[in-house]
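Right, one structure below, let's go through it.
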Amino acid sequence: QVQLVESGGGSVQAGGSLRLSCVASGYIYCLAWFRQAPGREREGVASIVGGGFTSYSDSVKGRFTISRDNAKNTLYLQMNSLKPEDTAMYYCAAAWHCARPLSDDVFNYWGQGIQVTVSS
C-alpha cells in the first residue's frame, strides 16, 4: 500500500507564497499535484516523473514549481504569486505510469488533501 501525506497548506494573502510537501511511503515513478475547489472539477496542477521531467497546467505555469527529492521520497510544490482562484483542496497523487501526467485517471494513489486558501 502506497501512502501519501501532504503538509504545508494554509492561508495566505494574494501575491504570497506557500510550499506544499508530500511524503510517499516509497519510490513511485510519477508524482503529481491536483486540486479541487468547491463546485469545480478536479484539476491537474503539475506532475513530475522520476527523471525530472515536469508538466504544468496553463493556469499555474510560471508561478508554481514542482520538484521531488527521490532520496527522501518527497514531492514539493512551490507556489508563488498566489491568486484567490488558487484556493482549493490540494491532493498529492502517484502512479507507476505517467503517459498523461495531468489526467487524474492515470493516478493510483492519493493523499488525504490539504487546504490552500488565498484571500484578496
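- In this structure a side-chain-to-backbone donor-acceptor pair under 3.5 Å is missing from Q115 to Y90.
- With R68 contributing its side chain and L75 its backbone, the two residues share no donor-acceptor pair below 3.5 Å.
- To the nearest 0.5 angstrom, Y76 atom OH is 5.0 Å from D69 atom CG.
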Show me, pair by pair, the donor-acceptor contacts under 3.5 angstrom made by side chains of residues 42-51, not counting sequence neighbours?
unit_1	atom_1	unit_2	atom_2	d
R42	NE	D104	OD2	3.1
R42	NH2	D104	OD2	3.1
E43	OE1	R35	NE	2.8
E43	OE1	R35	NH2	3.2
E43	OE2	S59	OG	2.8
S47	OG	P101	O	3.4

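- Under the 4.5 Å side-chain criterion, counting only non-hydrogen atoms from C-beta, F64 is not in contact with Q78.
- The CE atom of M89 lies 15.0 Å from the CZ atom of R40; values are rounded to the nearest 0.5 Å.
- Side-chain heavy atoms closer than 4.5 Å link hydrophobic residues (I, L, V, M, F, W, Y) into clusters, and following such links, possibly through other members, connects I114 to V118.
- Classification of K83 and D86 as a salt-bridged pair fails, no side-chain N sitting under 4.0 Å from a carboxylate O.
- Between I66 and T54, the closest heavy-atom pair is CG2-CG2, 3.6 Å.
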- Task: Go through the steps for T65 and Y56 under the test side-chain contact (heavy atoms from CB on, under 4.5 Å), then give the verdict.
- Result: CA-CA 8 Å; T65 302; Y56 295 93; 3.8 Å; yes
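- In this structure, CH2 on W33 lies 8.0 Å from CE on M79, to the nearest 0.5 angstrom.
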Show me, pair by pair, the donor-acceptor contacts under 3.5 angstrom made by side chains of residues 12-32, not counting sequence neighbours?
unit_1	atom_1	unit_2	atom_2	d
S17	OG	N80	OD1	2.8
S25	OG	Q3	N	3.0

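- Aromatic ring pairs are classed by plane angle as parallel below 30°, tilted from 30° to 60° and perpendicular above 60°; the pair F107 and F34 is perpendicular.
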